[in-house]
Amino acid sequence: MAALVLRDLGLGDADALIALYEHLNPGDAPPSPEAVRAVFGHPGLRHFGGFVDGVLVASCNQAVIPNLTRGGRAYAVIENVVTNAACRGQGHGQALIRHAVAQAWAAGAYKVVLTASRK
């Protein structure tokens with residue numbers, strides 16, 4: 001089994017990310033190119049990807065949000081967690097969440113929130 005490689009996603013990964021989102025919300029209309037550029041250019045928002053053999057198989061995003069409580073320490077929200085349906089059950093999502101949480105602590109967040117859908 002090939003190893004999972006975790007890294008930040010950039011604008012060049014947008015097409016692969018949008019294709020992966022089909023596994024999260026099938027049938028959603030794709031975002032406009034302007035929306036993609038705006039999201040990838042948003043300060044405090046990061047997208048993390050998990051790759052197997054160079055193919056994006058899992059992703060999540062993380063927003064670090066400024067805050068005036070807790071001594072002005074930020075908090076982080078992890079959202080849009082998705083793994084390609086053919087790659088589920090292999091621990092890729094868990095590894096990605098652990099990575100995102102570690103990045104939140106490194107950014108000085110005092111807490112991390114993971115959002116979930118009705119599913």
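Here the structure is a predicted model, which means the values were calculated and not measured.
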- Item | Residue list, side-chain contact (heavy atoms from CB on, under 4.5 Å) with P30, at least two apart or on another chain | I18
Could you list the donor-acceptor pairs under 3.5 angstrom formed between side-chain atoms of residues 101-110 and any protein atom two or more places apart in sequence or on another chain?
residue, atom, partner, partner atom, Å
Q103, OE1, R46, NH1, 3.1
Q103, OE1, R46, NH2, 3.3

- Hphob cluster co-occupancy, V112 + L114, side-chain heavy atoms under 4.5 angstrom: yes
- Consider only side-chain heavy atoms of I, L, V, M, F, W and Y, link residues closer than 4.5 Å, and tell whether V52 and L96 are in one cluster. yes
- Query: In chain order, what residues pass the side chain to side chain donor-acceptor pair (under 3.5 Å) check against E79, with sequence neighbours excluded?
  - Reply: T115
- Using side-chain contact (heavy atoms from CB on, under 4.5 Å) as the criterion, list what pairs up with A63, not counting sequence neighbours. L45, I65
- Task: Sorted by first residue and then second, give each salt bridge (Lys or Arg N to Asp or Glu O under 4.0 Å) pair with at least one member in residues 95-115; sequence neighbours left out.
- Result: none
- Task: Sequence neighbours left out, what pairs pass salt bridge (Lys or Arg N to Asp or Glu O under 4.0 Å) with at least one residue falling in residues 60-70?
- Result: none
- All heavy atoms of L9 vs all of L17, minimum pair found to be CD1-CD1, 4.1 Å
- Mind jotting down which residue pairs meet the salt bridge (Lys or Arg N to Asp or Glu O under 4.0 Å) criterion with at least one end in residues 10-28? Sequence neighbours excluded, please. R7-D13
Check: residues 54-62 side-chain donor-acceptor pairs under 3.5 Å, at least two apart:
residue, atom, partner, partner atom, Å
S59, OG, F48, O, 2.9
Q62, NE2, A100, O, 2.6

- Sequence neighbours excluded, the answer for side chain to side chain donor-acceptor pair (under 3.5 Å) partners of N67 is T69
- With the side chain counted from C-beta on, respond yes when Q90 and L4 share a heavy-atom pair under 4.5 Å apart, and no when they do not. no
- List the atom of A2, the atom of D53, and the distance in Å for their closest heavy-atom pair. CB-OD1, 3.3 Å
- Do L24 and V81 belong together in a cluster built from hydrophobic side chains that touch within less than 4.5 Å? no
- Tell me the ring-ring contact (aromatic ring centres under 6.0 Å, His included) pairs involving residues 3-41, sequence neighbours left out? F40-H47
